[in-house]
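Side-chain atoms are counted along with the backbone in the values below, which use heavy atoms only and exclude waters and symmetry mates.
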Amino acid sequence: MYTGSNPSAIRSRNEIVRSFLEALEHTDLEALSVKQIMDATDLSRQTFYQIFNSKDEIIEYCLDTLFSGFLSHTESQSVETLCDAAKLFFSFFDAHRHTLELFIRNGKSCVVQRKCREYLRDSEYIRYDLRGARSDSERDFAATFVVSGMVAMLEQWIRQTPSDPMTAEHLARLVCRITGTKESAAEGD
């Protein structure tokens, strides 16, 4: 995958990603060809392979960008409790729900889960007090438990039927209730 800073290559990468996401709206990932992606751009197939090695690499890039954006967003937020973390998590990903749905619908939920764990487990986002964790090792396991649960809820939320919709706020409050976590004093009940 291209990681340089050449403005022309970055424009090409953005155009490929845009075309890819638009194509996923109406074509399954397995049936989607690089030719179809590139036909919707003014770029050549050669350009595709200079930027990405595969369609899966586009998904990896999109998720890297999304989770990096989430971590940047969390830096300016106060996360004192699991309840705060859940609110921040679900409200951010609500805005990106459609993109995640495209990937999950195309059998890439394992990639979404892996990327989420990869980015969140060691971030400051999860560094509030983890109840009952007495050592660094226990905190690592507790953080893994929390992140895995949040990711599983995110995936189920994205897959939910339109007849039984839950809002991001409702989901965050559910996390608070099932874990017995109070909202931070700044948030109130």
Side-chain angles (χ1 to χ4, degrees), residues 1-77 79 85 87-126 144 147-148 150-162 165-168 171:
M1 174 175 14
Y2 179 78
T3 57
S5 59
N6 179 298
S8 178
I10 291 170
R11 276 191 303 278
S12 295
R13 180 182 63 205
N14 293 342
E15 185 66 14
I16 292 167
V17 168
R18 182 203 54 76
S19 176
F20 174 74
L21 292 174
E22 284 179 7
L24 279 182
E25 293 285 339
H26 51 81
T27 306
D28 288 339
L29 180 64
E30 291 300 316
L32 183 61
S33 69
V34 170
K35 181 180 181 333
Q36 288 171 295
I37 296 166
M38 299 313 288
D39 282 351
T41 71
D42 290 331
L43 305 169
S44 69
R45 281 181 56 156
Q46 179 182 358
T47 301
F48 177 91
Y49 290 109
Q50 290 171 339
I51 307 290
F52 295 107
N53 292 318
S54 66
K55 296 178 293 183
D56 284 340
E57 200 169 77
I58 300 172
I59 293 171
E60 295 271 342
Y61 170 78
C62 289
L63 292 172
D64 286 339
T65 302
L66 183 61
F67 286 109
S68 291
F70 174 71
L71 291 181
S72 292
H73 177 69
T74 64
E75 289 174 1
S76 64
Q77 307 295 317
V79 180
K87 284 181 178 184
L88 189 59
F89 182 80
F90 291 115
S91 65
F92 180 88
F93 287 106
D94 191 25
H96 303 281
R97 186 177 180 152
H98 185 70
T99 300
L100 291 171
E101 182 181 5
L102 289 174
F103 298 155
I104 289 169
R105 188 181 72 216
N106 279 283
K108 295 301 180 179
S109 62
C110 60
V111 179
V112 172
Q113 292 172 15
R114 179 177 47 81
K115 285 294 183 180
C116 194
R117 283 191 308 271
E118 190 178 294
Y119 276 88
L120 300 185
R121 195 174 157 286
D122 294 326
S123 74
E124 290 302 312
Y125 164 76
I126 204 80
T144 298
V147 168
S148 296
M150 298 273 270
V151 173
M153 288 180 78
L154 176 67
E155 182 179 348
Q156 183 169 342
W157 184 42
I158 288 170
R159 290 180 187 268
Q160 77 180 348
T161 60
M166 287 181 98
T167 64
L171 215 53

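Across all non-hydrogen atoms, the minimal contact from Gln36 to Ser33 is OE1-N, 2.7 Å. Among all heavy-atom pairs drawn from Phe89 and Phe70, the shortest one is CA-CE1, 3.8 Å. Contact record, Leu24 with Arg105: O-NH2, 2.7 Å, taken as the closest heavy-atom pair.
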Please determine whether side-chain contact (heavy atoms from CB on, under 4.5 Å) holds for the pair Phe48 and Thr41, giving the CA-CA distance in whole Å, both sets of side-chain angles, and the decisive distance to 0.1 Å.
CA-CA 10 Å; Phe48 177 91; Thr41 71; over 6 Å; no

Please determine whether side-chain contact (heavy atoms from CB on, under 4.5 Å) holds for the pair Phe52 and Val34, giving the CA-CA distance in whole Å, both sets of side-chain angles, and the decisive distance to 0.1 Å.
CA-CA 10 Å; Phe52 295 107; Val34 170; over 6 Å; no

Test log, rule salt bridge (charged side-chain N to carboxylate O under 4.0 Å, His left out), inputs Glu22 and Arg18
CA-CA 6 Å; Glu22 284 179 7; Arg18 182 203 54 76; 2.7 Å; yes

Would you please test Tyr2 and Tyr61 for ring-ring contact (aromatic ring centres under 6.0 Å, His included) and show each step?
CA-CA 10 Å; Tyr2 179 78; Tyr61 170 78; over 10 Å; no

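Side-chain contact between Ile58 and Ile51 is absent, with no heavy atoms from C-beta onward closer than 4.5 Å. Between Val151 and Val147 the shortest side-chain heavy-atom distance falls below 4.5 Å. Considering only heavy atoms from C-beta on, Leu63 comes within 4.5 Å of Leu100 through its side chain. Side-chain contact between Phe103 and Val111: absent, with no pair of heavy atoms (C-beta onward) separated by less than 4.5 Å. With contacts defined as side-chain heavy-atom distances shorter than 4.5 Å, the pair Ile104/Glu155 qualifies. Within the 4.5 Å cutoff, the side chain of Phe67 has heavy atoms near those of the Phe93 side chain. Within the 4.5 Å cutoff, the side chain of Met38 has heavy atoms near those of the Ile16 side chain.
Without hydrogens or angle criteria, Arg97 side chain to Trp157 main chain gives a donor-acceptor distance under 3.5 Å. At distances below 3.5 Å, at least one donor-acceptor pair connects side-chain atoms of Ser91 with backbone N or O atoms of Leu88. Side chain of Asn106 to backbone of Leu29: a donor-acceptor contact under 3.5 angstrom is found. Between the side chain of Thr27 and the backbone N or O of Leu32, no donor-acceptor pair lies under 3.5 Å. Asp28 places no side-chain N or O within donor-acceptor distance of the main-chain N or O of Glu30, the cut-off being under 3.5 Å. With hydrogens and angles disregarded, no donor-acceptor distance shorter than 3.5 Å links the side chain of Ser68 to the backbone of Thr65. The backbone N or O of Leu154 lies less than 3.5 Å from no partner atom in the side chain of Arg159, so there is not a single donor-acceptor pair. Proximity of a side-chain donor or acceptor of Gln160 to a complementary backbone N or O of Met166 within less than 3.5 Å is detected.
Each salt bridge (Lys or Arg N to Asp or Glu O under 4.0 Å) pair with one or both residues in residues 37-53, not counting sequence neighbours, appears once here: Lys35-Asp39. For residues 47-56, the pairs satisfying side-chain hydrogen bond (donor to acceptor under 3.5 Å, both in side chains) are Ser44-Thr47, Asn53-Glu57, Asp56-Lys108, with sequence neighbours left out. Sequence neighbours left out, the pairs with a member in residues 61-74 that pass salt bridge (Lys or Arg N to Asp or Glu O under 4.0 Å) are Asp64-Lys115.
For the pair Glu15 and Arg11, the salt-bridge criterion is not met [side-chain N within less than 4.0 Å of a carboxylate O].
Other residues, nucleotides and ligands contribute more than 12 heavy atoms inside 6.0 Å of the CD atom of Glu25.
From His96, atom NE2 reaches atom CG of Leu102 across 13.5 Å, with rounding to the nearest 0.5 Å. Put simply, OG on Ser148 and CG on Leu120 are 10.0 Å apart, with the number rounded to the nearest 0.5 Å.
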